[in-house]
Participant: 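Quick one: this structure, given as structure tokens, is what I'll be asking you about.
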Protein chains: 2
Amino acid sequence: MDASNLGSRDKLQMAAIHLIAEKGYNGVTTLEIAAAAGLSEKTLFRHFGSKQKLLEAAFDRYHYAEEMKKLFAEKLVWELEDDLLLITKSYHDIMNRNRKMIQISLKEDLPGFRERTQRHPRQLLEFLTDYFIEMAARGSIRSDQPEMHAFSFMMMQFGAFMNDLDSRTNYSTIGLEPFIEESVKVFARALKP
Amino acid sequence: MDASNLGSRDKLQMAAIHLIAEKGYNGVTTLEIAAAAGLSEKTLFRHFGSKQKLLEAAFDRYHYAEEMKKLFAEKLVWELEDDLLLITKSYHDIMNRNRKMIQISLKEDLPGFRERTQRHPRQLLEFLTDYFIEMAARGSIRSDQPEMHAFSFMMMQFGAFMNDLDSRTNYSTIGLEPFIEESVKVFARALKP
DNA sequence: CCAAATTGTCAGTCAGTACTGACAGTCATA
DNA sequence: TATGACTGTCAGTACTGACTGACAATTTGG
């Protein structure tokens, strides 16, 4: 979406999300948010009334991506490595699209954030657990603790996502793509019958 | 160390670290820090001169734990699962002791934080990579990409640590101890020749 | 017991930030 | 051309938090 087509409210909300993800709610001023949106502080207060209301509006407008349902319903081929690769790429894609909201949830303790930022990983844990149960029933993998294995695999990906989230915490030059490829291989080998 | 034996400077630094880890630098006042230390705000400014200097002093005083060297030098038995279990428990112990500094580094962009909070995991990545190389040379494991495998294993543990760091991000009831046990088993199985 | 060290209270200053009313300017549309 | 919608400027108000000097109280150690 071309930013030049956006109204003032949209610009202010996007600027708010961007700056609060970076500096935290108390670390950014309404003057800075307005400037980043290319508008005056007066306009910010005309539209939203208060800083807090701007954040709430930006939060509500932010569509938290979560699309694993369709993938699990339609795109699996019941080959462990192929499926895990697809799931993992989708996971990182979704997490990346939610990255600013996740950054905000790390910094701030705001009502509703927890529920929203956890919906996607919680849903994925359930789907992946069910997938491992079904794969074990088919004899395609060996997993006596499917939920623990689903959780372990997700922790690996979550760790990589958190490592990559911010240059402040990234301590390795290993890229995300090769990591995804190899981590899927390693895990598939671990569950091979 | 009994808090009653501490001087005022120590109490203020510990209170500062605790509150800033929880609320961020801009989310906590000097009045709050002093009150948490059981002292007056006046005393805080007598000792440190400014809020910023208090943080810097607390940061310098904070001994960032990093003790993997001794473990890798003396305690390995060159059995993959046994060694990984020991390493992993030690990793989480160290990360847990550094948890407040890590929480602060997530919230704030302060000079020197990055270098300090990355020293331990970076060091562990090197040690673990060398360990996998040696284990492969001994024929005890199969690993054609030891650094990638070391990194993958650490990402799994890092993800679990991050998931456990703060109730705001924790979305699973799986405990850390059983996770450690099973994640080590899974990874050991993956690298088995 | 006394002096030194340390802390607490109080009444501030100062700078910054959230927020506002009044007034003026620009743009789009009828 | 006029009007409505929207935005910007300006000069504020009110409040908050970092920080301070003066003075008093308490604690500690010789």
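Residue numbers begin at 1 in each chain, while the letters A, B, ... track the order of the sequences.
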Participant: Can you check the A:R9 CZ to D:dA5 C1' distance for me, whole Å?
Facilitator: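 One finds 15 Å between C1' of D:dA5 and CZ of A:R9, rounded.
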
Participant: Judged by modelled atom types alone, do B:T129 and B:E147 share a side-chain donor-acceptor pair under 3.5 Å?
Facilitator: no

Participant: Separation of B:L12 atom CG from C:dT6 atom P, in whole Å?
Facilitator: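 In whole Å, C:dT6 P lies 14 Å from B:L12 CG.
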
Participant: Let me know, please, whether A:E41 or A:R46 comes out on the 5' side of the other along DNA chain C by nearest nucleotide.
Facilitator: A:E41

Participant: Measure from the side-chain heavy atoms of A:T43 and tell me the nearest of D:dG17, C:dG8, D:dT7.
Facilitator: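 Nucleotide nearest to A:T43's side chain: D:dT7.
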
Participant: In whole angstrom, what separates A:L44's CG from C:dC19's C1'?
Facilitator: 10 Å

Participant: Let's see if you can work this out: which of D:dA22, D:dG8, D:dA18 has an atom nearest to the side-chain heavy atoms of B:K42?
Facilitator: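 Closest nucleotide among those given: D:dA22.
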
Participant: In this structure, which one of B:F132, B:Y131, B:F72 forms a ring pair (Phe, Tyr, Trp, His ring centres under 6.0 Å) with B:W78?
Facilitator: B:Y131

Participant: So what does B:K51 touch, heavy atoms closer than 4.0 Å: a base, only the sugar-phosphate, or nothing?
Facilitator: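 Contact class for B:K51: sugar-phosphate only.
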
Participant: Tell me whether the OP1 or OP2 atom of C:dT6 has a side-chain N or O from B:H47 closer than 4.0 Å.
Facilitator: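 Answer no for this pair, as no side-chain N or O of B:H47 is under 4.0 Å from OP1 or OP2.
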
Participant: Take the protein atom NZ of A:K53 and the nucleotide atom P of C:dA18, then report the distance between them rounded to whole Å.
Facilitator: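 Computing the A:K53:NZ to C:dA18:P distance gives 15 Å.
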
Participant: Please verify the inter-ring angle class for A:F153 with A:F187; under 30° counts as parallel, over 60° as perpendicular, anything in between as tilted.
Facilitator: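 Plane angle between 30° and 60°, so tilted.
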
Participant: Between A:S40 and D:dT7, is there a side-chain N or O to OP1/OP2 distance below 4.0 Å?
Facilitator: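 Negative; the distance criterion is not met.
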
Participant: Where the side chain of B:T29 is defined as all heavy atoms beyond and including C-beta, which of D:dC19, C:dC19, D:dA18 is the nearest nucleotide?
Facilitator: D:dA18

Participant: Is it the case that the side chain of A:E182 and the backbone of A:F179 share a donor-acceptor pair, with hydrogens and angles ignored and the cut-off at 3.5 Å?
Facilitator: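 Pair absent, no side-chain N/O of A:E182 close to backbone of A:F179.
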
Participant: In whole angstrom, give the distance that lies between atom NZ of A:K23 and atom P of C:dT17.
Facilitator: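 The answer, rounded to whole Å, is 10 Å.
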
Participant: Between A:K11 (NZ) and D:dC6 (P), how many Å, whole number?
Facilitator: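 That distance rounds to 14 Å.
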
Participant: Could you check how far CG of A:N26 sits from P of D:dT16, rounded to whole Å?
Facilitator: 14 Å

Participant: Can you tell me how far the NZ atom of A:K185 sits from the CD1 atom of A:I180, to the nearest 0.5 Å?
Facilitator: 12.0 Å

Participant: Nearest-Å distance, CD (A:E32) to C1' (C:dA18)?
Facilitator: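 Whole-Å distance recorded here is 13 Å.
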
